[in-house]
Amino acid sequence: MPFGRCRSGIGEGKGGFVTERVFRILGIPGSLRRESYNRGLLLAAQELAPPGVELELYELRELPLYDEDLERTGPPDPVLHFKQAIACADALLIATPEYNWSVPGPLKNAIDWASRPPATSPLRRKPVALMGASTGISGTIRAQLALRQIFASTESYVLPKPDLFVREAAALFRDGRLIDPETRERIRQLLEALVAWTRRFRD
Ligand code: FNR
């Protein structure tokens, strides 16, 4: 690992007892927008994470455009950081917008970086859950389908169900916070399913 090792996730409880390992989820918002509803979904997921589960957000803004020449001469630090963050996470939770019926450029770019080289990509065998919010009525169905196709290429393990397509998102947020109880409950269920899905691969 170019930036040192993953945090062990083993905590020390009261009296010096070693507590159970934390389950780490890396949340990736597919939008760079400051007031992004998709980032809002992930912030809600942080609040709703079950005990023992930590969700850290990873912003894609610093990643350069993928360039095979740059990869050959040595990927820039933000790329190395990103790949390490994926490698250190037990699972990924992606909240994607839909741009022109597909995956937003920054998110596709990030996946392309992380997918290289394929033999050592941290995306290989990485459990992934998807959700997405749009202001229209499709709720990012097409973008999520496109993501499933991309993650088949990277050999990532995408959680089949439950799906979470958040439509007409503007009405569900107040002051940047997701206030819709039904959507919050569905995020909670998605987190539980992601943890169970990940444990199946460990067992
Ligand atoms: C959109 N939007 C959009 N919505 C949708 O449901 N289907 C689509 O194909 C598109 N296409 C699209 C293209 C581009 C370039 C933009 C900027 C927007 C609207 C989109 O759902 C809306 O802007 C969301 O609010 C974007 O997500 P964030 O930034 O709030 O997370």
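Every heavy atom of this structure was used, including side-chain atoms; hydrogens, water molecules and symmetry mates were not. Quantities reported herein were computed from a predicted structural model and do not represent experimental measurements.
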**OP:** Would you sort out whether Leu92 and Ile25 count as a side chain to side chain contact (heavy atoms under 4.5 Å, CB included), showing the intermediate values?
**Re:** CA-CA 5 Å; Leu92 308 183; Ile25 299 177; over 6 Å; no

Point-to-point distance, once rounded to the nearest 0.5 Å, from [atom1] of [X] to [atom2] of [Y]:
X: Arg61; Y: Leu32; atom1: CZ; atom2: CG; answer: 5.0 Å
X: Leu48; Y: Arg188; atom1: CG; atom2: CZ; answer: 8.0 Å
X: Tyr58; Y: His81; atom1: OH; atom2: NE2; answer: 6.5 Å
X: Leu57; Y: Leu43; atom1: CG; atom2: CG; answer: 5.5 Å
X: Lys108; Y: Leu147; atom1: NZ; atom2: CG; answer: 10.0 Å
X: Tyr157; Y: Arg124; atom1: OH; atom2: CZ; answer: 8.5 Å

Subject >> Atom CZ of Arg33: over 12 foreign heavy atoms under 6.0 Å >> reply: yes

**OP:** Any side chain to side chain donor-acceptor pair (under 3.5 Å) involving residues 36-57? Give me the pairs, sequence neighbours left out, ordered by first then second residue.
**Re:** Arg24-Glu54, Arg39-Glu59, Glu47-Arg177, Glu47-Arg184

Original post:
Going by heavy atoms in the side chains, are Val53 and Leu55 under 4.5 Å from each other?
Top reply: no

Side chain [X], main chain [Y], donor-acceptor under 3.5 Å:
X: Ser102; Y: Glu98; answer: no
X: Ser121; Y: Ala114; answer: yes
X: Ser156; Y: Leu123; answer: yes
X: Thr198; Y: Leu194; answer: yes
X: Lys126; Y: Ala89; answer: yes
X: Asp180; Y: Phe173; answer: no
X: Arg186; Y: Asp163; answer: yes

Assigning hydrophobic clusters by single linkage (Ile, Leu, Val, Met, Phe, Trp, Tyr; side-chain heavy-atom cutoff under 4.5 Å), is [X] placed with [Y]?
X: Val128; Y: Leu159; answer: no
X: Ile28; Y: Tyr99; answer: no
X: Ile94; Y: Val195; answer: no

Subject >> NZ/NE/NH1/NH2 to OD/OE distance under 4.0 Å, Arg21 and Asp90 >> reply: yes

Subject >> Cationic N near anionic O, under 4.0 Å, Asp112 to Arg116 >> reply: no

Subject >> Considering all heavy atoms, the nearest Pro76-Trp113 contact >> reply: CD-CH2, 4.2 Å

Subject >> Shortest non-hydrogen contact from Thr96 toward Ala143 >> reply: CG2-CB, 4.3 Å

